[in-house]
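Written below as structure tokens is the structure these notes are about.
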There are 2 protein chains.
Amino acid sequence: MRRTGDLKLIQELNRFIILDTIRQFGPISRSDIAKKQGISPTTVTSAVNELIRDGMVAEDGTGESKGGRKPIMVRFCPDGKFLIGVSITNTAITIAEMNLEAATKQKKIYPVKAGLVSDLIIQYVLDSIEDFLQSVDDVSRCLGISIIAPGIVDAASGVIRFNSKLRLHDVPLIDMAEKRFGLKTWLDNDANAIALAEKNFGGGLNANNLLFVTVGEGVGSGLVVNGSIFRGSRGGAGEFGHTTVDRSGMRCDCGNVGCLENYVAWPAIYSGILSAVTRGKETLVMDLADGDMTKITFDVFRQALHQGDQVCQDIVDEIASYMSIGIVNLVNLFNPSLIILGGEMIRDNQVLFERIQKQVMAQAMGTMVEGLEFRPTVLGADFEVKAAAAVLLQDVFHFSL
Amino acid sequence: MRRTGDLKLIQELNRFIILDTIRQFGPISRSDIAKKQGISPTTVTSAVNELIRDGMVAEDGTGESKGGRKPIMVRFCPDGKFLIGVSITNTAITIAEMNLEAATKQKKIYPVKAGLVSDLIIQYVLDSIEDFLQSVDDVSRCLGISIIAPGIVDAASGVIRFNSKLRLHDVPLIDMAEKRFGLKTWLDNDANAIALAEKNFGGGLNANNLLFVTVGEGVGSGLVVNGSIFRGSRGGAGEFGHTTVDRSGMRCDCGNVGCLENYVAWPAIYSGILSAVTRGKETLVMDLADGDMTKITFDVFRQALHQGDQVCQDIVDEIASYMSIGIVNLVNLFNPSLIILGGEMIRDNQVLFERIQKQVMAQAMGTMVEGLEFRPTVLGADFEVKAAAAVLLQDVFHFSL
DNA sequence: ATCACTTTATAAAGTCATTGGAAAAATAAA
DNA sequence: TTTATTTTTCCAATGACTTTATAAAGTGAT
């Protein structure tokens, strides 16, 4: 049943607008808030008092007088409430306590042993959260738990629909967590959440249409559309790795032909190295792997690349070319105003970054590249839990009409 | 300045919810509306009375008693208000008066002479609207004017950013129309508007993520995302024709390589015919064009295709293959629940429709095709003005939180 | 046929978040 | 010191909603 209009609704809306104004423009006086948002001073006063009681806002001395009584400034208190961010990956469960600005207060990493899949991994996630909650005091100030996970995730119903590596299928994670901990819980896909975090805490503050692309062992993408995460009809949107870039290319596991992933992900890199070696090329990779083919890993490749190995650089050139085609398609379809590139392949690799940027700017349609910006990720080490926080904060506080 | 919460807001919201309930479930009693939406009976009574005064709702006899007083049924009156829909194309300005269900009351077509471009075409549009308004009585019941146009359109600011054929560049059409006619005016891109109309008046009632693809002389697409039109950051989203499907393909005017449009639009078809003829193939096209190459038009091609010409059918097969690749990309990126195919090429061409459908279902990712539907357009002859109406009605009445 | 009970619609009274006006507090300028 | 101005807060009024009460119009059992 859809939400109907009542007094509670307008109060919530105005409280949010006022809090958001303080967060963005604070320290600010009550009077200025009223003027800025067209809300009566009386309403602002009562709202601010309530926000102070809640601990989300505090008075902060007096400001400069403009010819009369000095204004009492109020400022945002990001530590007034907190939230628990949880990131599930194939190798670790990362859990953090964060404040309203997604600043980490404490963080624990629970390693995932190989082979821990299906029901067991879910149990492990829940047990880890329980353990983490022991070290949290004053649960009453906790807004809730926000979980992000790779794979196909139905955020609306709170179900992990599908994750092949962790062997998850239709796991009602929100229900399980809410029942066990009594805290409101959110769930979303990791790449989408990162895209939202880049928008809200990263460089994309004014970008309502933002594209996040990650290149590492695989490729992934997250999409922010009209200011919120775009999930598609069943949470499966953004399978950027499986867009066709070469009609006459190789067949992919997914049933399609010439998928991007086949040209830029680790298996493609690996076979590129092998083929170079077979052709008798010299490469640092073989030295680093002690001449043992089976010891060639993504990390070895990265090392060799960093040391200027020509074979690896050629492979990266090839990747740049394919990535650009894929991103051009995205630009022509979505017309984003900002593209953020991340992932192990791009980190510390200015050349790849610039090559992709240049090629996309040249090949995408003229009207699409006007004002189009490229940026590297800026979230830093805590990006996973920050992403989880972004999902929760967006839902709780972004209450605009 | 963002809208703040006041009493007017909750009233508007509730009026909308009640009107929408009557429209969807009517005839319905006041009491049932209250139960269905969780609004108090008193509020429903007063809202319904106001809607009756406005002419948008009417009482409609009594219903069956369920053990007490007989309910007075109320129903939606789509003719209570009307709107003006305007469609601008390269060949004609179509204007219609429509009711709240986008049913056409009267319609006029103002032909566009060749060479009428730039300022002149805009003047012609405005003059045509003025002429049309003469035949409309009771302007006070008019919700406004909704205009759709091809090209890059910035719906938010009401500006036609760019249209190459009509030579339009940054035309502030909404401002011009509102000043001249004193009626609130809307403006949007044609393909996007059609996509929305297909959702609201066509087969896509429950599809919140819907994709509309048209294949004719060119290709176009419109996108409905989370229930509303997706426009991108500057109104340029959905340039489906310029997505790369062949990395090693031919260079396109747009600066990119292997764009879909180069393989499926009229110039590609034309050169396909020529190449077949050069290779000495028999084709009806030459007969229909009296052996004159320059007389080969899209219509001639369509006729030959309809008469079963093999050369034309081969070309259509090729088109199906390319279109499918492009649509698979869209499906993997957007995860829509419904794809609607339209345009001259697909109309009356069940074979093409089915071939595309089959290929997309086979090649898109498994999780994306679960529950994915294909449908032909259902809007009929008035689809252009219906599309314009959809834009206005969505904005005026879709007021959900 | 009568009486008890339902259902529907509306009227009257009560609730509550907003607003506008006035008062209080605090300060600058004359 | 006096006056004007700005900021904050108190208070009554507004208005859209809800609850409660009432009237109208029915059903169904006795």
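Chain naming here is simple, since letters A, B, ... match the order of the sequence lines and numbering starts at 1 in each. We use all heavy atoms of the structure for the numbers below, so side chains are in, but hydrogens, waters and symmetry mates are not.
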Nearest 0.5 Å, please: how far is CG in A:L173 from OG in A:S157?
11.0 Å
Spacing of CG belonging to A:L223 relative to CG belonging to A:L196, to within rounding of 0.5 Å
11.5 Å
Rounded to the nearest 0.5 Å, what's the gap from NZ on B:K36 to CD1 on B:I18? Could you check?
13.5 Å
Check the pair A:D79 / A:N99 against side-chain hydrogen bond (donor to acceptor under 3.5 Å, both in side chains), numbers first and verdict last.
CA-CA 5 Å; A:D79 293 323; A:N99 72 4; 2.9 Å; yes
Taking five pairs at each end, how big is the angle between the two axes of the helix from C:dA1-D:dT30 to C:dA30-D:dT1, to 10°?
10°
Reading nucleotides 16-22 of chain C 5' to 3', which nucleotides get B (base under 4.0 Å from a protein heavy atom), which S (sugar-phosphate only), which -?
BSSBBB-
Measure the shortest side-chain to side-chain distance between A:V86 and A:F132 over non-hydrogen atoms and say whether it is less than 4.5 angstrom.
no
Would you call A:N226 and B:N226 a side-chain contact if the rule is heavy atoms closer than 4.5 Å?
no
Checking B:V44, B:T21, B:T43 against B:Q37 for side-chain contact (heavy atoms from CB on, under 4.5 Å), the one that qualifies is B:T21
Polar pairs (N or O, both sides) under 3.5 Å between protein and nucleotides 26-30 of chain C?
| unit_1 | atom_1 | unit_2 | atom_2 | d |
| --- | --- | --- | --- | --- |
| C:dA26 | N3 | A:R69 | N | 3.2 |

Interatomic spacing from CD1 in A:I84 to CD1 in A:I147 - rounded to 0.5 Å
11.0 Å
Going by heavy atoms closer than 4.0 Å, what residues in residues 47-61 of chain B are next to DNA chain D?
none
Below 4.0 Å from chain B heavy atoms, what is the first contacting nucleotide of DNA chain D and what is the last?
D:dG15 to D:dT27
Charged N to carboxylate O under 4.0 angstrom, B:K66 versus B:D32?
yes
Identify the heavy atoms of B:T104 and B:M98 that sit nearest to each other, and give their distance.
CA-CG, 3.7 Å
Identify every side-chain donor-acceptor pair in residues 67-77 of chain A under 3.5 Å, counting partners at least two apart or on other chains, and give the distances.
| unit_1 | atom_1 | unit_2 | atom_2 | d |
| --- | --- | --- | --- | --- |
| A:R75 | NE | A:D60 | OD1 | 3.4 |

How about A:L338 and A:K199: do any of their side-chain heavy atoms sit closer than 4.5 Å?
no
Using a heavy-atom cut-off of 4.0 Å across all strands, would you classify B:T45 as base, sugar-phosphate, or nothing?
base
I'd like to know if A:R2 pairs up with B:D20 as an ion pair, taking the criterion as any Lys NZ or Arg NE/NH1/NH2 lying under 4.0 Å from an Asp or Glu carboxylate oxygen.
yes
Please lay out, stage by stage, how B:E198 and B:K386 fare under the test salt bridge (charged side-chain N to carboxylate O under 4.0 Å, His left out).
CA-CA 9 Å; B:E198 291 281 356; B:K386 273 202 164 70; over 6 Å; no
Single hit among A:D188, A:N189, A:D154, A:V153 for side-chain contact (heavy atoms from CB on, under 4.5 Å) with A:R231:
A:D188
